[in-house]
Amino acid sequence: MATTTPSRGRRRAPSRMTRAAGKAAALQKPRVILALLLLLALTSVMLLDGYLRAEVGGDERVRSNASSSKVPDKILDGGPILSFRGGEAQSQSVPEKTIALTFDDGPNPTWTPQILKILEENDVPGTFFVVGSMVSRYPSIVKDLVNQGNEIGIHTFTHVDLSYQSDDRIAREMDQTQLALAGAAGITTTLFRAPYSSEADAIDNYSWPVYKKLGEEGYTSVFVDTDSDDWKRPGVSKIIKWATPSKNKGASVLFHDAGGERSQTVKALGTYIKKMKAKGYTFTTISGAIRQTESANQQANGQTGQTGQNGQQPGSEQSEQAGGQVPGGQQGQQGQQPGQNGQLGQSGQAGGVNSLQAAHRTATGTTLYEGKALVAAVAVAEWTVPGLATGLAVVGVAVMGRFGMMLILARRHYRQRNKRRFSWGPTVTQPVSVIVPAYNEKECIANTLESLAKSTHPIEIIVVDDGSTDDTSQIARDAARSFGMTNVRVIRQENAGKPAALNNGVRSASYDIVVMMDGDTVFEPDAVHQLVQPFADPEVGAVAGNAKVGNRNTIIGAWQHIEYVMGFNLDRRMYDLLRCMPTIPGAIGAFRRDAVLEVGGMSEDTLAEDTDITIAMHRGGWRVVYQEHARAWTEAPASLKQLWSQRYRWSYGTMQALWKHRKSLTDKGPSGRFGRVGMPLVVIFQIITPVFAPLIDVFTAYSMIFIDFKAALLAWLAVLGIQLVCAAYAFRLDREKYRYLLMMPLQQLAYRQMMYLVLIHSCITALTGGRLRWQKLKRTGEVGTPAGVN
């Protein structure tokens with residue numbers, strides 16, 4: 001969302017840089033990869049959180065009124081418990097005057113604990129058909145469910161109608177829920193209830209193959225006999241009435257502990273249990289009901305005490321738990337254990353599992369560890385995504401506030417500085433020194449000197465050749481002779497970098513005011529005169545000029561042109577009025593010579609010597625201002641690779657400069673103004689906000705794809721509209737042509753993302769203690785005299 005303020009000149013190559021540059025380049029690749037991996041990880045966390053909330057991959061289709069012609073009549077007319085022992089479909093009913101309380105759609109952090117408390121108080125077990133995504137979000141509740149003696153069944157991972165899903169999707173829904181249960185409570189289960197299912201007679205031709213497939217894998221599908229319809233919230237009395245079986249029949253009774261507001265369910269449940277106990281009903285789990293039915297069948301067939309075919313132990317002894325008669329010593333249905341892929345394994349009882357929880361199997365090995373990893377990943381997503389959403393909301397408000405502040409202060413600055421009676425003081429007419437550091441500038445140096453030859457202000461020109469390996473020095477001398485310039489001095493030095501070249505020029509300057517520019521920049525004729533006028537005010541120690549992109553006729557150039565105009569004409573005006581200008585651009589800036597020497601000259605401590613010297617001027621008690629009418633034209637990077645290289649160093653250099661001057665936060669008086677006002681603004685809007693900005697785009701794309709395309713698109717267009725208004729106003733103040741704003745939407749989609757990655761890359765470099773070196777950008781010399789550039 002934020003616009004990075006362009007503020008630098010080009011960079012200089014150091015001596016003996018070839019081998020070091022190659023080494024540095026090799027070190028940067030892992031950091032770029034790390035930046036991309038970080039963004040990918042956060043995107044993955046968002047997708048995981050969206051999957052848990054059924055925003056990603058959700059399917060709200062529910063089948064109804066389908067034919068059941070292919071479903072056996074004995075199943076349609078049978079009980080609510082469906083299994084496939086030996087590959088043959090079998091249905092079972094709940095014994096008379098027995099109730100298996102079942103709860104769907106949980107766990108829920110509000111309602112499930114309240115329901116558990118009621119069950120515990122009434123010494124009654126329940127069978128909870130849980131949604132895997134909810135299990136992974138609230139694992140502690142599931143653990144409490146199991147520890148209390150309740151039974152768990154699968155209700156899919158995302159609560160989808162499986163009759164619409166592919167075999168692979170069905171397998172994922174089951175496997176992921178099993179993993180969630182393993183991670184949450186250390187168990188897996190053999191019970192299953194399909195979302196949107198009801199009584200067995202509702203099985204249709206589309207859902208029947210699903211039940212057969214899951215049955216062959218060892219799952220027992222559970223339906224209902226009696227539905228409380230509590231999700232309709234009809235009132236406590238109706239919930240109790242609708243949940244009551246008729247004629248003393250046994251029933252699988254359906255309630256909900258999640259999926260909506262369940263206060264009526266909570267109020268009805270305790271009363272319902274007491275009412276049914278008063279009628280002589282007992283309560284059990286689904287597994288308990290299965291065992292009671294099988295035990296009764298065995299007794300009726302004279303088989304009591306014999307070992308069952310499916311690994312069952314003698315059931316002559318009875319144990320009474322939770323108010324129901326339950327066969328003791330038996331294993332669960334077929335004694336099978338769900339494996340890693342949902343398949344049920346060999347017979348065997350899970351050690352230490354309550355007899356009412358015979359459907360449970362102890363999770364071991366890979367299943368257990370994968371389950372714990374899933375729960376941990378979900379915990380990270382549950383913490384990260386809401387935190388990011390809150391942070392992005394704060395960032396969004398801050399950015400919008402900044403735009404508003406920029407517009408207000410920019411207008412005030414423009415009106416103040418363009419009043420007829422505005423004056424810095426007496427007109428500055430004394431000569432000034434113009435310092436031109438140059439390294440291999442044979443393509444540009446002649447154009448630079450030609451523009452200075454037309455200066456309307458008296459100047460001396462000091463070209464400092466920083467160990468160029470081309471003909472820069474000779475071309476500069478020849479250009480001076482051809483333009484009839486007698487005020488040009490060419491100083492050669494061994495290659496030492498741009499700060500050293502500027503310091504050499506400052507020491508060699510003849511006048512009290514020095515103007516610094518780049519060797520690839522051209523000045524308008526009155527640029528120097530306009531630039532030095534603020535020095536009529538004795539409090540002014542430095543002046544920032546108005547740098548413009550000269551090669552703006554390419555897409556990359558146009559993008560940078562928009563960025564420069566917004567950066568200079570809004571940001572700099574705002575910083576000027578707040579008296580906390582962070583950077584004087586290397587392309588065009590002026591200083592009091594004594595002030596530069598007083599603060600120690602141009603420092604080599606950072607890659608942003610322009611930001612470094614500007615902050616040092618603030619801390620020295622000098623005022624730094626912006627002079628919009630002093631215009632210079634510079635050559636911006638012409639390729640994405642060069643642009644990345646330049647902005648990477650700008651961003652990293654800014655961080656270095658801020659860290660170097662961190663003590664300004666505690667400085668008192670004028671020297672601490674930058675620390676109190678400027679540094680927080682730069683950190684928030686040039687570092688923190690842009691770091692968050694890619695996530696804003698990811699959230700926007702996510703919302704468009706998975707939530708509400710129209711609303712997300714309108715929000716994005718609204719933000720773009722605000723930025724266009726700011727850009728248009730900046731263009732108006734600088735009298736630029738509006739046609740370049742047509743490139744702004746594309747800039748937001750492509751160029752801006754690159755700038756964010758650059759900043760993230762710089763942050764990682766800073767955090768990992770990396771170091772960068774100077775690097776010269778390739779120049780073409782296409783920016784000539786400024787006339788007619790617009």
Side-chain angles (χ1 to χ4, degrees), residues 5 7 409-435 457 459 502 506 509 511-516 526-547 568-569 571-586 588-603 609-630 657 661 663-682:
T5 304
S7 55
L409 294 182
R411 177 174 174 78
R412 180 180 174 186
H413 182 278
Y414 178 81
R415 297 183 69 175
Q416 181 185 97
R417 298 291 169 82
N418 288 275
K419 289 180 179 178
R420 291 184 179 180
R421 290 178 293 179
F422 174 79
S423 173
W424 293 102
T427 302
V428 177
T429 59
Q430 63 264 38
V432 301
S433 300
V434 179
I435 302 171
H457 195 92
I459 59 175
L502 290 171
V506 171
Y511 303 110
D512 294 333
I513 297 174
V514 293
V515 173
M516 299 181 185
D526 67 341
V528 173
H529 181 74
Q530 294 286 353
L531 188 64
V532 300
Q533 294 312 305
F535 290 109
D537 183 343
E539 294 184 357
V540 174
V543 182
N546 188 351
F568 283 118
N569 282 290
D571 274 5
R572 293 204 186 284
R573 293 177 192 274
M574 175 183 71
Y575 286 127
D576 189 347
L577 287 185
L578 296 177
R579 296 199 174 191
C580 58
M581 185 85 66
T583 304
I584 294 176
I588 177 169
F591 301 83
R592 292 189 189 273
R593 181 174 179 272
D594 291 343
V596 173
L597 297 175
E598 178 185 311
V599 299
M602 309 299 289
S603 173
E609 81 289 335
D610 39 16
T611 298
D612 193 345
I613 188 65
T614 305
I615 299 176
M617 296 292 287
H618 282 295
R619 299 188 70 189
W622 293 99
R623 183 181 175 190
V624 180
V625 301
Y626 171 54
Q627 176 59 290
E628 63 183 284
H629 301 298
H661 294 283
K663 290 184 178 180
S664 65
L665 290 167
T666 58
D667 286 349
K668 297 181 180 179
S671 62
R673 184 173 183 83
F674 178 82
R676 295 189 299 270
V677 181
M679 185 172 288
L681 286 175
V682 174

Q: Can you confirm whether Met679 sits close enough to Ser664 that some side-chain heavy atom of one is under 4.5 Å from a side-chain heavy atom of the other?
A: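 Yes, their side chains come closer than 4.5 Å.
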Q: Please find the pair of heavy atoms, one from Glu628 and one from Asn546, that lie closest to each other, and give the distance.
A: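 Scanning both residues, the minimum pair turns out to be O-ND2, 3.2 Å.
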Q: Distance from Cys580 atom SG to Ile615 atom CD1, nearest 0.5 Å?
A: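 The distance works out to 10.5 Å.
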Q: Are side-chain heavy atoms of Tyr511 and Gln430 found at a separation under 4.5 Å?
A: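 Side-chain contact under 4.5 Å: no.
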Q: Taking the side chain as every heavy atom from C-beta outward, state whether Val599 and Ile613 have any atom pair closer than 4.5 Å.
A: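 Heavy-atom side-chain distance check passes, below 4.5 Å.
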Q: I'd like to know if the side chain of Arg592 reaches the main chain of Asp512, judged simply by a donor and an acceptor atom lying under 3.5 Å from each other, with no hydrogens or angles considered.
A: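 No: the side chain of Arg592 does not pair with the backbone of Asp512.
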Q: For the CD atom of Glu598 and the CG atom of Asp594, what is their distance to the nearest 0.5 Å?
A: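 Rounded to the nearest 0.5 Å, the CD-CG separation comes to 8.0 Å.
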Q: Would you call Ile513 and Arg593 a side-chain contact if the rule is heavy atoms closer than 4.5 Å?
A: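 The answer is no, as the side chains (C-beta and beyond) never meet within the 4.5 Å cut-off.
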Q: Which heavy atom in Val625 sits nearest to a heavy atom in Pro534, and how many Å separate them?
A: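 Nearest pair, atom of Val625 first, then Pro534: CG2-CB, 3.8 Å.
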Q: Using a distance-only test with no angle check, is there a side-chain donor-acceptor pair under 3.5 angstrom linking His661 and Asp612?
A: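 A pair is found: one side chain offers a donor N or O, the other an acceptor, under 3.5 Å apart.
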Q: Under the side-chain contact (heavy atoms from CB on, under 4.5 Å) criterion, do Phe591 and Val506 qualify, and how do the steps go?
A: CA-CA 10 Å; Phe591 301 83; Val506 171; over 6 Å; no
Q: Could you tell me which non-hydrogen atom of Asp576 sits nearest to which non-hydrogen atom of Val624, and how far apart they are?
A: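 Distance-wise, the nearest heavy atoms are OD1-O, 4.2 Å.
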Q: Identify the two heavy atoms, one from Gly541 and one from Trp622, that lie closest to each other, and give their separation to 0.1 Å.
A: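 Smallest interatomic distance, heavy atoms only, reads CA-CE3, 3.6 Å.
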Q: Does Glu539 use its side chain to pair, donor to acceptor, with the backbone of Arg623 at less than 3.5 Å?
A: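 Looks like no, no N/O pair under 3.5 Å.
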Q: Take the angle between the ring planes of His529 and His457 and call it parallel below 30°, perpendicular above 60°, tilted in between.
A: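 His529 and His457: tilted rings.
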Q: Taking atom CZ of Phe674 and atom CG of Leu665, what is their separation to the nearest 0.5 Å?
A: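 Here the rounded value is 9.0 Å.
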Q: Answer yes or no: is there a side-chain heavy-atom contact under 4.5 Å between Leu578 and Leu409?
A: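 Side chain of Leu578 against side chain of Leu409, heavy atoms only: contact under 4.5 Å found.
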Q: Kindly give the heavy-atom pair with the smallest separation between Pro585 and Gly545, and that separation in Å.
A: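 Looking at all heavy atoms of both residues, the shortest contact is CG-O, 3.9 Å.
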Q: Is Gln533 reaching over with its side chain to a backbone N or O of Val428, donor-acceptor style, under 3.5 angstrom?
A: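 Looks like yes, one N/O pair under 3.5 Å.
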Q: Please test Lys419 against Tyr414 for side-chain contact (heavy atoms from CB on, under 4.5 Å), starting from the C-alpha separation and ending with a verdict.
A: CA-CA 9 Å; Lys419 289 180 179 178; Tyr414 178 81; over 6 Å; no
Q: Mind running side-chain contact (heavy atoms from CB on, under 4.5 Å) on Ile584 and Met617 for me, showing each step along the way?
A: CA-CA 10 Å; Ile584 294 176; Met617 296 292 287; 5.8 Å; no
Q: Does the side chain of His413 come under 3.5 Å of the side chain of Asn418 through a donor N or O and an acceptor N or O?
A: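 Their side chains do not contain a donor-acceptor pair, so the 3.5 Å distance test is not met.
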Q: Between Asp667 and Arg619, does any NZ, NE, NH1 or NH2 come within less than 4.0 Å of an OD or OE carboxylate oxygen?
A: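 Salt bridge between Arg619 and Asp667, a charged N being under 4.0 Å from a carboxylate O: yes.
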Q: Can you name the nearest heavy-atom pair linking Val515 to Ala590, along with the distance?
A: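 Residues Val515 and Ala590, closest heavy atoms: CG2-CB, 4.0 Å.
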Q: Report yes or no: do Thr583 and Thr611 form a side-chain donor-acceptor pair below 3.5 Å?
A: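 On atom types as modelled, these side chains qualify, holding a pair under 3.5 Å.
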Q: Counting only heavy atoms not in Arg676 (residues, nucleotides, ligands), do more than 12 fall under 6.0 Å from its CZ?
A: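 Above 12, so yes.
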Q: Nearest 0.5 Å, please: how far is CD in Gln416 from CZ in Arg411?
A: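 If I round to the nearest 0.5 Å, the distance is 13.5 Å.
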Q: Quick one, Leu681 with Tyr575, criterion side-chain contact (heavy atoms from CB on, under 4.5 Å). Give me CA distance, side-chain angles, the key distance, then yes/no.
A: CA-CA 9 Å; Leu681 286 175; Tyr575 286 127; 3.9 Å; yes
Q: Do Val432 and Val528 have side chains that get closer than 4.5 Å, going by heavy atoms?
A: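 The answer is yes; the side chains approach within 4.5 Å.
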Q: Report yes if some heavy atom in the side chain of Met516 is under 4.5 Å from a heavy atom in the side chain of Met602; otherwise report no.
A: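 Counting from C-beta outward, Met516 and Met602 do come under 4.5 Å.
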